[in-house]
Amino acid sequence: MKEIILIKNGELALKGLNRSTFEDVLIKNIRRRIKPLGDFEFRKEQSTISVIPKDSGTDMDEISDVISRVFGIACFSCALQVEKDMEVILKEAPEYLAEQLRAAKTFKVEGKRSDKKFPLTSPQLSAEVGGAVLESFPHLRVDVHNPEIVITIEIRDKFAFIRGNQTKGAGGMPVGTGGKAAVLISGGIDSPVAAYMMSKRGLALTAVHFASPPYTSPQSEMKVHKLLKQVARYSGNITLFTVGFTEIQEQIRDNCPEDIFTLVMRRFMMRIARQIAVREDCKALITGESLGQVASQTLPALSCTDAVADMPVFRPLIGLDKDEIIKISRKIETFDISIEPYEDCCTVFTPKHPKTKPQLSFIEEAEKALDIDALVERAVENTRVNVIGF
Amino acid sequence: MSVYLDNSATTKPCEKAVKKAVEMMSEKFGNPSSQHFCGLAAKEELERARGILAKVLSCKEHEVYFTSGGTAANNTAIMGTARTKRRVGKKLVTTLLEHPSVLKHYEMLSESGFETVYLKPDRNGKISLSELAAAVDESTVLVSVMAVNNEVGSIQDISKIKQIIKDKNSPAYFHCDAVQAFGKIDLKPHKLGIDLMSMSAHKIHGVKGAGALFVSDKIRLLPSIAGGGQENGLVSGTEAVPAICAFAAAAEDIGNIAENYNRVRAVRNGFVQKLSELDGVRINSAEDALPYIVNISVSGVPSQVMLNSLSATGIYVSAGSACSKGHRSEVLTAMGVAPSDIDSAVRISLSKHTTEKDMDLLYNGIRDTALRVRRK
């Protein structure tokens, strides 16, 4: 008899022949994430993955907490694995779920029998366990339509499993099944949310941050590390490239019209991020832009930045309002870090009246004052690498 | 090589202080309240430290209470007075120049029914004694005025405050936050009519974690921290013996206050003179401020950018006061400094060890940063 975790994968069940590969990635991801918490055995059967701790002292709450942030899981629950013996099941079910049952008013039992040789049918199984629960908790009432607690008893090949309500998983697709992309991360509210959202769709993450000392502080880089650490709780390890951006910003300030400053800067960011992405085998860029939020995020402005990207640019927040973005940032616990008051490079030399309807030809003309290739090359060279772990 | 010019935030511990702290941690580590020889050895050192502080302050040993630092000393003085005098009167007087550890306690007391009066500094960062006299009355139970302000270094004329309180027939205690002043100007609390005086070890080349409150034995003060009854019941909690003994070692090592002062003033004046030749530099500290603290604004260069730029070359200064990150300085506002100048305010704080060469390096750093950042 031991406690295990049963995991139902989400959309994976729909993926036909790829399913097994996807499941393997999911198991690999779970394994890597809970490795610091102990030794585990994994079992794959039907659409369920069982995580079985090898030693008895394992903290199941801690594991559940970690698993709740692994993408590709629809729902999961802790379960008690017992012998396929009715006497044991009737004794253990009320005891194992005592805490939940004591706090509830209604319940029902769902018996499931995949081992058809088991002497009781599913309805008989449900009725017997229901009776035992009512005997231990006379305050409870059976409600088959809208129960607070659903007790599931599954009779499988080797063991029987007892579990209560399931916990909703993080959803999405296992990280890595969609490939890898590079997220441009600033330290604000939006970019960590964008990173989280694309990781949810199965992308592994690399991050690119632009630092402009002395205009930006070492604290703002530490802030980015803290933000990525939060995101990494969902996405797994993130390799962060911190690009020295001062020279480019000063060059733009000295040589370009003020009202297109931000846009020229964004285009440099895209060029640099693209180079790093290619080198790191990333197939797309991710940004936290939301249409119309600021001057550099209008449709004409985005066209100008996309013109130098040369690969897909994912903007998962494009249709979200600020309050919707904040809601997600609170959920993934990046909001309180994002609002720490350190300057980032986007706020250095901000023009008073930026152009909202820039013309690409005008921008390109203005950029001729700069030695773009050399600047980009120097910036890419002047990059520090950190791996941000979960 | 680095140039450390943030001595109002903290100082580098002197060798004697470090040695003493290590000795206390490795050899005399007992709890001074323990009844065995190991405890007694620590107790002996603790009392020796108290004796040294008393000598420096020209007061009696039982008037020196060790705390965990300046903030704890201010807390003990203010909250203790409020408790002791709550039936005598409900009025408190302080200044807008005070450190947050004073102002926040005044705010807390104001929320619990005390009437609080905040005196505004003038353009030189000084409060007016006539305004102080007008604010104090028979229901005033506490007057807190700091000796030297931490952001601009303005020195208050504290020697006359006790007389004003007496003239007004007020039962108020006079509390002086001397965290920035201690060891830099001559401070004998009895001579100055101070009832309560706060000090901190790590501002005078001691180690962090110790401070002291002078409590005149002419007044009664109830504790605001309860527990094992250490420090004569006023400051419960096992004494941080290593930090306290290091504090005493640092206090013994201050040297000649007047000589230090004159040397630092010469270094400071030379720097200010040079700086005034640069365009767009404003010296926010007054001419007669403590020479250890110089507050300046370099127009067009935000404080944080100046700080980052200097920091990158190993020169360490502070943006306004280290305790108020992200807020526009109340003190500079009260002194009538324009918001744009406040946003570029930098506090340079010297120590007795600061040399002309240090200040030359700082000058070069400021000049180069201004040139680079202001371009266009």
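When the shell of 6.0 Å around CD of B:E15 is examined, it contains 12 or fewer heavy atoms from other residues, nucleotides or ligands. Shown here is A:K322, whose NZ atom has more than 12 heavy atoms of other residues, nucleotides or ligands within 6.0 Å. Annotation for B:D279: atom CG does not count as buried by contact number, only 12 or fewer foreign heavy atoms lying within 6.0 Å. Other residues, nucleotides and ligands contribute more than 12 heavy atoms inside 6.0 Å of the CD atom of A:E324.
The two residues A:P213 and B:R372 come nearest to each other via the heavy atoms O-NH2, 4.2 Å. Annotation for A:P214 and B:N308: closest pair O-ND2, 2.8 Å, computed over non-hydrogen atoms. For the pair B:V373 and A:R253, the tightest heavy-atom approach, listed with the atom from each and the gap, is O-NH1, 3.1 Å.
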